[in-house]
Each structure stands twice: as structure tokens, then as C-alpha cells.
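The chains referred to below are lettered A, B, ... by the order of the sequence lines, with proteins before strands, and numbering in each begins at 1.
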There are 2 protein chains.
Amino acid sequence: MAEVRNIDTRERILDAAERLFMAHGYEGTSMRQITGDAAVNLAAVNYHFGSKESLMQEVFRRRLDWLNEERMRVLNEMEQAAGDNPLKPSQIVDGFFGTLLRMADDKERGGVTFLRLLGRTLTEPSEFVRTFLADEYAGVMERYKAALFKALPDVPKAEIVWRFHFMLGATSYAIAGTDALRVVTDWQIEASDTVDRTDRLVPRLMSFLLGGLRAPLPQFGSPAEDADVKVA
Amino acid sequence: MAEVRNIDTRERILDAAERLFMAHGYEGTSMRQITGDAAVNLAAVNYHFGSKESLMQEVFRRRLDWLNEERMRVLNEMEQAAGDNPLKPSQIVDGFFGTLLRMADDKERGGVTFLRLLGRTLTEPSEFVRTFLADEYAGVMERYKAALFKALPDVPKAEIVWRFHFMLGATSYAIAGTDALRVVTDWQIEASDTVDRTDRLVPRLMSFLLGGLRAPLPQFGSPAEDADVKVA
DNA sequence: TCGTGATTCATACGTTCGTTTGAATCATAA
DNA sequence: TTATGATTCAAACGAACGTATGAATCACGA
């Protein structure tokens with residue numbers, strides 16, 4: 001086979017798609033915008049990826065494969081070092097969310113653009129992307145949930161799952177953040193803060209997440225339903 | 001003027017739009033879906049609202065006007081009762097997020113459908129809806145931020161703004177929740193949990209938010225992995 | 001050098017989009 | 001009852017959408 005007239009046609013499409021899906025969403029981005037931004041022919045997407053849906057999936061797979069492998073690697077390493085002892089919650093949270101957030105500095109892996117795309121996509125339950133993400137995430141989630149159960153034996157498992165969910169939300173906003181934040185505050189605090197995003201954002205968010213994860217358990221009002229939830 | 005052949009044409013359109021925008025997003029929802037679901041003529045949206053954009057804005061205004069007035073009312077009431085004393089953080093958080101979450105039970109005000117729409121829209125920075133939301137929110141945000149500054153005089157203001165942001169994210173996910181959560185966990189926990197959403201979700205989320213808000217301040221020097229976090 | 005398969009290109013297809021139009025239908029006031 | 005203005009309706013508009021096609025162009029092994 002003749003190898004590639006222009007190696008980075010695929011990559012250029014993926015980069016443009018990542019950027020545009022982040023900015024305007026999946027439905028809000030047209031093939032003509034993508035191929036225009038990438039400076040390739042309109043038919044190139046269908047030739048290289050088959051369809052717009054497949055392109056979207058490839059945009060995610062390119063980043064998530066690495067991310068979830070890295071999360072697995074970090075967790076394995078920590079558990080091996082700990083032996084039979086449970087990990088500290090701060091370790092687990094850092095392994096999952098810290099690994100994600102540190103992608104922001106890694107331009108080679110999409111940087112802040114991909115993180116924002118991921119954050120916004122998690123709240124857009126379009127069927128084909130949801131089932132795709134569910135598959136990509138299933139294994140990692142299972143392992144990290146198990147680690148948290150072991151680290152926090154006194155906290156009901158349902159409570160941990162909920163708090164994991166809350167942590168995901170806080171993290172998504174922290175990422176999608178700088179833009180969405182402006183919605184809600186006039187935001188004149190430190191204009192220089194766009195620079196040191198991860199330097200300061202990561203410890204800030206970590207404190208918040210751990211504070212939430214380890215908060216006192218809630219008191220449920222009505223006695224009828226306070227038998228606590230069992231996890232399957 | 002002749003009064004309305006069918007009073008609820010407008011309302012039926014707004015209800016259908018709210019539901020569909022929640023499920024498929026703004027770009028992902030067509031006029032034909034909306035008018036079809038609402039069982040009105042295709043031209044009715046343009047006749048009553050002018051355009052699709054104006055319809056979207058009206059969908060939000062219908063709910064947010066009440067919500068933000070209610071938030072103001074609650075805050076005024078609490079501050080009056082407190083005199084010169086600062087409010088408790090838990091009061092402020094409940095006034096802002098509790099008031100929002102309790103809308104889930106109020107079918108008269110959109111219930112859980114509107115909350116999910118709001119949650120997902122906050123991560124979709126489409127220009128026309130962002131500037132619109134910014135205006136709707138500006139006044140309330142200012143008041144609640146001021147209340148938090150006063151309640152937490154030892155916490156740097158920038159830190160409070162960030163944590164407010166994190167709380168918004170956790171809340172959005174908690175709302176948009178049940179669907180997005182399935183992305184990330186297989187989630188066979190209590191199928192009955194869709195029923196008592198607010199009964200249990202509110203105290204759960206409140207504990208988490210307060211734990212995060214009152215977490216120890218982050219250490220910026222080194223990556224935050226030293227002493228394990230103590231809860232306030 | 002030429003032939004071959006991979007890639008790019010211009011162009012077009014059929015659909016669906018948001019919006020507009022002008023006539024038909026309704027409710028009310030005179 | 002009739003006139004009037006508000007609302008509904010069926011139909012159509014041009015534009016933009018994702019995708020498909022077949023010819024042109026390229027890189028490279030023989």
C-alpha cells in the first residue's frame with residue numbers, strides 16, 4: 001500500500017473536531033466546519049472515519065484509552081505498595097481525578113480542550129455517546145469504587161457512589177470551568193488565573209473533593225426510609 | 001382583542017420544548033419535534049415566540065424568574081433574622097442550592113425536567129444562552145457571594161468563589177444525575193431511588209457541599225498529597 | 001518508467017432544518 | 001349578524017445538513 005500523502009490528515013481532523021465539539025457541541029458542529037478548520041476536503045471525514053458518529057467516538061478513544069490505562073497503572077502501583085492495607089482516600093481521589101486534571105498540562109494528549117469536551121459531554125446524554133463512554137469507563141470505575149469501599153469501610157457503599165458522582169460533577173465544572181464560571185459570577189478575581197490552571201486548580205479541587213468525600217454522613221428526615229441502602 | 005382560542009398553546013409549546021431540550025439539547029431538538037409533541041401547528045412557535053432562540057430563552061425565564069426571586073426572598077429573610085451576625089454557611093448553601101433542588105418536587109415549576117435542562121445547559125456554552133443566563137443570575141450571585149464572604153472571613157475570597165463553582169458542578173451533576181451517572185457506574189443501586197430523589201438527594205448533597213466548602217485550605221507549594229485531610 | 005492502490009478533490013444527492021406566507025378558522029364586540 | 005382581530009393551518013421557501021460518487025492526483029514498488 002502507498003503510505004499517506006499527508007500523514008496528519010487524520011490527526012488534523014481529530015484536532016479540529018475535538019476543538020469544535022468542545023466549543024459548539026456535537027449537533028452544533030457541522031462537517032463543513034470541521035473539514036474547513038482542518039483544511040482538508042469535505043469528503044475526508046467520511047473517507048477516514050466513515051461517519052460523523054464514528055469521528056466523535058475516535059475523538060474520545062484517542063484520549064480515553066491512555067487516560068484509563070494510566071489510571072489503572074497508578075492504582076495498581078499504589079495498591080502494590082500498600083500491601084493489604086487500604087489506601088488513603090486522598091490517594092484514590094488523586095489517582096482518579098488528579099490523573100485526569102494533569103492532562104490539562106499535557107498538550108500532547110489534548111490538554112484543556114479535551115477535558116472541557118469530556119466535561120460537557122458527560123451532561124449530554126445522547127445515546128450513542130453515552131453507551132460508548134459507559135464501555136470505556138466500566139473497568140476503571142469498578143476498580144476505583146472497590147478501592148474506596150475498602151478505604152472507607154464505615155461509610156455506606158451507596159453513599160460512596162453518590163459522592164463519587166458529586167466529585168465527578170465538581171471536577172467537570174472545574175474543567176469546563178473558566179467559561180461556565182463566567183455565567184455565574186462577574187469573575188474579576190485574578191485575571192492571571194488562566195495561566196496557572198493546574199498549578200492552583202488541582203490542589204484547590206482536591207481539597208474540596210476530599211472535604212466532600214469525608215463529610216459527616218447526612219441525616220435522613222423520615223424514619224420509614226432510613227434503613228440504609230445496600231449495594232448489589 | 002379576541003382572547004385565545006386555546007389558552008395553553010403557549011404553555012404546551014414551552015412544556016414540550018423544556019422536555020425535548022433536556023433530552024436532546026438545543027441543537028438536537030427540531031421545531032417539528034417540539035410542535036409535534038405539543039400537538040400544535042409547526043408555525044405556532046414562530047407566531048408565539050418569534051424564533052427558536054426566543055423560545056429557549058422563554059423556557060428558562062419562566063422558571064428562573066421565580067427561582068431567583070425565591071432565593072432573594074430566603075436570603076433576605078435569613079439576614080433579617082440574623083441581624084448583624086453572619087449567617088451560617090449551611091444556611092447560605094441551603095438558601096441557594098436547597099431552593100434549587102426543592103424545585104424537583106414542584107411539578108408546577110418544571111420539576112426535575114427543568115433542573116436537568118439547567119444542569120446540562122450550564123456546561124454548554126452557546127453564546128446566546130450564556131449571556132442570557134449571566135444576566136438572569138448576576139444579582140443573586142452577588143448577594144450570595146457577599147453572604148459567604150461574611151460567613152467565612154478567614155477564607156480568601158478567591159477560594160470561596162472557586163468552591164462556589166465546584167458546588168455548582170456537583171449540584172448540576174446531582175440533578176442531571178440519574179442519567180449521566182449511568183455512564184460511569186453500572187448503577188444497580190435501588191431502582192426505587194428515582195422516587196425519593198429529593199428526600200434523600202438533598203441531605204446527601206448538602207453534606208457533601210458543606211464538607212467541600214469547609215475543607216482545609218489547599219497548600220499550593222507541593223502537590224497536595226501530604227497530610228491526609230481533616231474534616232472541619 | 002510505468003502501473004497500482006491510496007488519498008484528495010469538486011460536485012451532487014436526498015433530507016431536514018428554521019422560517020415565512022396567505023388563506024382558513026375562531027372568539028368576541030358592536 | 002356582521003365585522004374585526006387573533007390564532008391556526010397547510011404548504012412552501014432557501015439554506016444547510018451528512019453522505020456518496022467518480023474522476024483527478026499523489027506516492028511508491030516493480
Could you tell me if the side chain of B/D65 sits less than 4.5 Å from the side chain of B/E136, heavy atoms only? yes
Taking the side chain as every heavy atom from C-beta outward, state whether A/Q33 and A/H24 have any pair of such atoms under 4.5 Å apart. yes
Is B/L133 close to B/F60 at the side-chain level, that is, under 4.5 Å between some pair of heavy atoms? yes
Can you give me the N/O atom pairs linking the protein to nucleotides 18-22 of chain C at distances under 3.5 Å, or say none if there are none?
unit_1 : atom_1 : unit_2 : atom_2 : d
C/dG18 : OP1    : B/T29  : O      : 3.4
C/dG18 : OP1    : B/K52  : NZ     : 2.7
C/dG18 : OP2    : B/M31  : N      : 2.7
C/dG18 : N7     : B/R32  : NH1    : 2.8
C/dG18 : O6     : B/R32  : NH2    : 2.7
C/dT19 : OP2    : B/N46  : OD1    : 3.4
C/dT19 : OP2    : B/K52  : N      : 3.0

I want to check one thing: is the phosphate of D/dT8, taken as OP1 and OP2, less than 4.0 Å away from some side-chain N or O of B/H48? yes
Grab the CD1-P distance between B/I34 and C/dC17 for me, whole Å please. 11 Å
Provide, to the nearest angstrom, the distance between the CD atom belonging to B/Q33 and the P atom belonging to C/dT16. 12 Å
Answer yes or no: is there an ion pair linking A/E58 with A/R62, defined by an N-O contact shorter than 4.0 Å? no
Establish, with yes or no, whether the OP1 or OP2 oxygen of D/dT7 is under 4.0 angstrom from a side-chain nitrogen or oxygen of B/T9. no
Determine, using ring centers only, whether A/F164 and A/F96 are less than 6.0 Å apart. yes
Within-4.5 Å side-chain heavy-atom neighbours: B/R102 and B/D94: yes
Nearest-angstrom distance from the residue atom CD1 of A/I13 to C1' of D/dT19: 14 Å
